[in-house]
There are 2 protein chains.
Amino acid sequence: MPSARRKEKDARLEAPVDLGRLNDSFGYLLRRAQTAVFQRFFDLFAKFDIRPAQYSILTVIESNPGLSQTRLANSLGIKKPNLVAIIDIFEERGLTRRESLENDRRSHALYLTPKGIALIGQLHRLDAEIDQSISQLMNGDERRRFCNVLRQVTSG
Amino acid sequence: MPSARRKEKDARLEAPVDLGRLNDSFGYLLRRAQTAVFQRFFDLFAKFDIRPAQYSILTVIESNPGLSQTRLANSLGIKKPNLVAIIDIFEERGLTRRESLENDRRSHALYLTPKGIALIGQLHRLDAEIDQSISQLMNGDERRRFCNVLRQVTSG
DNA sequence: TATTGTTATACTCTATAACTATA
DNA sequence: TATAGTTATAGAGTATAACAATA
């Protein structure tokens, strides 16, 4: 296909489609925005071989050293069975360790290793970078308001 | 386990976990909010055996009668191959139809059937219901601002 | 040579039931 | 009898390569 026609065709292909009611559907807008932000996380974290969910898990272990897998899973809305393989991989990579408790030997206390602590510091910087690129679209008051709205939406 | 201890244990299990930096991560808050809203869509649409992605597809066909599968897929950020089975199911259920084009017989023009039109009307009402429950957390100006921010985040 | 719709396929994410060892 | 962690497994959702028909 000649380049002129090619361009014409591309334009038609990318011509605006009317999204109709979706344009004003909070649920749809939220979905698309979340997907876009996730993609940025994915790309930025790729060089550390860390995915968004893994980042959130390391962050919670960092802030709550010694917590159990059940509490960790509940806090992030992850099912316990799906956490096992993730923690296994962290241990293989030397990022976290499971410590046995003397008073309840069913439970494991989770901790970051020094290597894990070093990594999460780098990841936080990337997270903050993404956050800043979004935050610049708003002023400080708006950002606080929107974060609160998002928290309210999440909890009920 | 006695009921008193049971309660004690539940409290400990549900005790607040510090999410650390995630508490101020727009990406994380967006993710959790989107998941929560999706769950509401999922539950509300269940009685029509329609999932959120299916709702968005029907909506775009409604607003752009005769568009092709490629344009439909591009507009919603869906890969073409993943659209095929969805449209097949719509046809089996008598919600949409593919019409052959005389000038380009590779392409199919998509249309809602009368049954599809009736259904999408009901779905829009449910979508509006969810939307209203979220919108009441803000005033009108905030909602418009927030939607604009979400659109900006989505487009880059 | 390029594009539309399609098939096949693989990978991730998520969800549930059931097991084990402890309590 | 109940709980923590685990295993196995099944279902969505999503991604890519490659094909046939058509342009």
Side-chain angles (χ1 to χ4, degrees), chain A residues 1-14 31 34-35 38-39 41-42 46 49-54 56-57 66-74 76-91 96 98-110, chain B residues 1-14 31 34-35 38-39 41-42 45-46 49-57 66-74 76-91 96 98-110:
Chain A
M1 186 181 275
S3 154
R5 290 225 37 171
R6 175 66 206 285
K7 222 172 207 167
E8 194 185 301
K9 197 107 193 226
D10 279 1
R12 200 166 7 118
L13 256 171
E14 294 156 13
R31 164 73 171 163
Q34 188 272 318
T35 304
F38 234 56
Q39 191 59 52
F41 270 96
F42 202 88
D49 196 17
I50 289 288
R51 292 149 187 282
Q54 290 177 313
S56 68
I57 291 166
L67 93 167
S68 70
Q69 292 184 197
T70 297
R71 294 223 308 153
L72 172 56
N74 288 343
L76 288 170
I78 298 173
K79 300 293 171 186
K80 280 187 302 183
N82 297 330
L83 198 56
V84 177
I86 298 175
I87 304 289
D88 284 348
I89 289 174
F90 284 162
E91 289 208 329
T96 67
R98 292 171 167 104
E99 194 171 284
S100 297
L101 296 177
E102 70 284 354
N103 50 331
D104 186 343
R105 280 169 26 210
R106 293 171 303 181
S107 207
H108 297 156
L110 299 171
Chain B
M1 186 181 273
S3 156
R5 291 226 36 172
R6 176 67 206 283
K7 221 171 209 167
E8 196 184 301
K9 197 108 192 226
D10 279 1
R12 197 161 14 114
L13 256 173
E14 293 156 13
R31 164 73 172 165
Q34 189 272 319
T35 304
F38 234 56
Q39 191 58 52
F41 270 96
F42 201 89
F45 287 173
D49 195 16
I50 288 289
R51 292 152 186 283
Q54 291 178 312
Y55 166 63
S56 68
I57 292 166
L67 92 168
S68 71
Q69 291 182 197
T70 297
R71 295 225 305 152
L72 172 57
N74 288 342
L76 289 170
I78 297 172
K79 301 292 172 189
K80 282 186 301 183
N82 297 329
L83 198 57
V84 177
I86 297 175
I87 304 289
D88 284 347
I89 289 173
F90 284 163
E91 290 208 329
T96 67
R98 290 171 168 104
E99 194 171 285
S100 295
L101 296 177
E102 69 284 354
N103 50 332
D104 187 342
R105 278 167 29 206
R106 293 172 304 182
S107 207
H108 297 157
L110 299 171

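Predicted model only: the values in this text are computed from it and were never measured. So you know, we letter chains A, B, ... as the sequences are listed, proteins then strands, and number each from 1.
- The side chain of B:D104 sits closest to D:dT22 out of C:dA23, C:dC13, D:dT22.
- Note: CD1 (A:I78) to P (D:dG5) measures 14 Å, nearest angstrom.
- Comparing atom distances between the A:H108 side chain and each of D:dT6, D:dA23, D:dT14 picks out D:dT6 as nearest.
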Could you give me the CA-CA distance, side-chain angles and deciding distance for B:I57 and B:I78, then say whether side chain to side chain contact (heavy atoms under 4.5 Å, CB included) is met? CA-CA 10 Å; B:I57 292 166; B:I78 297 172; 3.9 Å; yes
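- In this structure, A:L101 atom CG and C:dA21 atom P are separated by 19 Å, rounded to whole Å.
- In terms of heavy atoms, B:G66 sits closest to B:A109 at O-CB, 3.4 Å.
- When the side-chain nitrogen and oxygen atoms of A:R98 are compared with OP1 and OP2 of D:dT6, one or more of them lie within a distance under 4.0 Å.
- Between A:L72 atom CG and D:dT3 atom P the separation is 19 Å, expressed in whole Å.
- Judged by distance alone, the side chain of A:Q69 and the main-chain N or O of A:V84 form no donor-acceptor pair under 3.5 Å.
- Toward the 5' end of DNA chain C, the nearer of the two residues A:K79 and A:E102, judged by each one's closest nucleotide, is A:K79.
- When distances are taken from the side chain of A:R106 to each of C:dT6, D:dA2, C:dC13, the shortest belongs to D:dA2.
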Could you walk me through whether B:L72 and B:I87 pass side chain to side chain contact (heavy atoms under 4.5 Å, CB included), step by step? CA-CA 11 Å; B:L72 172 57; B:I87 304 289; 4.2 Å; yes
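- Note on B:S107: a side-chain N or O is less than 4.0 Å away from OP1 or OP2 of C:dG5.
- Picking from C:dT6, C:dT14, C:dT12 the nucleotide with the shortest atom distance to the side chain of B:R31 gives C:dT14.
- Between B:L76 atom CG and D:dT14 atom P there is a gap of 11 Å when expressed in whole angstrom units.
- Toward the 5′ end of DNA chain D lies the nearest nucleotide of A:D88, the other residue of the pair A:D88 and A:Q39 mapping further downstream.
- Comparing D:dG5, C:dG5, D:dA8 against the side chain of A:P81 picks out D:dA8 as the nearest.
- Contact check, B:T70 against C:dT3: no side-chain N or O comes under 4.0 Å of OP1 or OP2.
- Put simply, CD on A:Q54 is 11 Å from P on C:dT12, counting in whole angstrom units.
- Nearest-nucleotide mapping onto DNA chain D: of B:G77 and A:L83, the residue sitting toward the 5' end is A:L83.
- The distance between atom CZ of B:R71 and atom P of C:dG5, rounded to the nearest whole Å, is 11 Å.
- When each of D:dT16, C:dA15, D:dA4 is scored by its nearest atom to the side-chain atoms of A:K80, the top-ranked nucleotide is D:dA4.
- Toward the 5' end of DNA chain C, the nearer of the two residues A:N103 and A:A53, judged by each one's closest nucleotide, is A:A53.
- The CG-P distance, from B:N82 to C:dT12, rounds to 16 Å in whole Å.
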Take A:L101 and A:H108 through the side chain to side chain contact (heavy atoms under 4.5 Å, CB included) test and state the conclusion after the steps. CA-CA 6 Å; A:L101 296 177; A:H108 297 156; over 6 Å; no
